[in-house]
Amino acid sequence: MGWIVSFVIVCLMLFVGSVAGCMRYGPEYSVWQQGMSGQAELARAEQNRQIKTTEARASLESAKLNAQAEVERAKGAAEANRVLADSLGGPDRYLRWRWIMMLETNERAGSHREIIYAPTDGNLPMTEAGRAVAPPAEGRTP
C-alpha cells in the first residue's frame with residue numbers, strides 16, 4: 001500500500017510541476033509562437049511579391065515581343081503592297097486593281113446592292129442627289 005501512496009504523490013507533484021511550468025513559460029511560448037507566425041507571414045508576402053514581379057516582367061516582355069512581331073508584319077505587308085503596286089505600274093493602277101478585285105469578290109458573294117461612287121473630273125464623286133427627286137407630273141412644266 002505504501003507504493004500506491006508514493007505513486008500518487010509523484011503523480012501529483014508531476015501535475016503541479018506541469019501546471020507551474022505552463023504558467024511560467026506559457027506567455028513566453030505565446031510570444032515566440034506569434035513571432036514565428038509573423039516571420040512565416042512575412043516570407044509568404046515576400047514570395048507573393050516576387051511572383052507578381054516576375055509575372056509583370058513576363059507580361060512586359062510578351063507585349064514588347066508582340067509589338068515587334070506586329071511591326072514586322074506591317075513591314076512585310078507594306079513591302080508586298082509596294083512590289084505589287086510596282087508590278088502593276090504604280091499606286092493608281094494598284095488601287096484600280098484592288099477596286100476590280102473588290103467588285104469581283106462582291107459579285108461572287110452575290111452582293112449586287114452596293115452603290116459605288118467613281119471619281120470624275122476634279123476627283124469629286126458623282127452623287128445621286130437627282131435620283132431621289134420625283135419626276136415632274138404630266139402636264140406640268142418644271
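Since the structure is predicted, the reported quantities are computational estimates derived from the model, not experimental observations. Computation of the quantities below employed the complete heavy-atom set of this structure, encompassing side-chain atoms and omitting hydrogens, waters and symmetry-equivalent molecules.
Other residues sharing a hydrophobic cluster with L88 under the 4.5 Å side-chain heavy-atom criterion for ILVMFWY residues are L84, Y94, L95, W97, M101.
Rounded to the nearest 0.5 Å, atoms CG (L14) and CD1 (I9) are 12.0 Å apart. For the atom pair CD1 of I100 and CZ of R93, the computed distance is 11.0 Å after rounding to the nearest 0.5 Å.
In this view, R82 and E79, D86 satisfy the salt bridge (charged side-chain N to carboxylate O under 4.0 Å, His left out) rule, not counting sequence neighbours. Every side-chain contact (heavy atoms from CB on, under 4.5 Å) that K64 has, sequence neighbours left out, goes to L60. Remark: R49 pairs with E46 by the salt bridge (charged side-chain N to carboxylate O under 4.0 Å, His left out) rule, at least two apart or across chains. Residues passing the side-chain contact (heavy atoms from CB on, under 4.5 Å) test with M36 are W32, Q39, sequence neighbours excluded. With sequence neighbours excluded, the residues that form a salt bridge (charged side-chain N to carboxylate O under 4.0 Å, His left out) with E70 are R73.
More than 12 non-hydrogen atoms from other residues, nucleotides or ligands lie less than 6.0 angstrom from CD of Q50. Few gaps surround CD on E104; more than 12 heavy atoms of other groups in view lie less than 6.0 Å from it.
Within the 3.5 Å criterion, the main-chain N or O of E55 finds no donor-acceptor partner in the side chain of S59.
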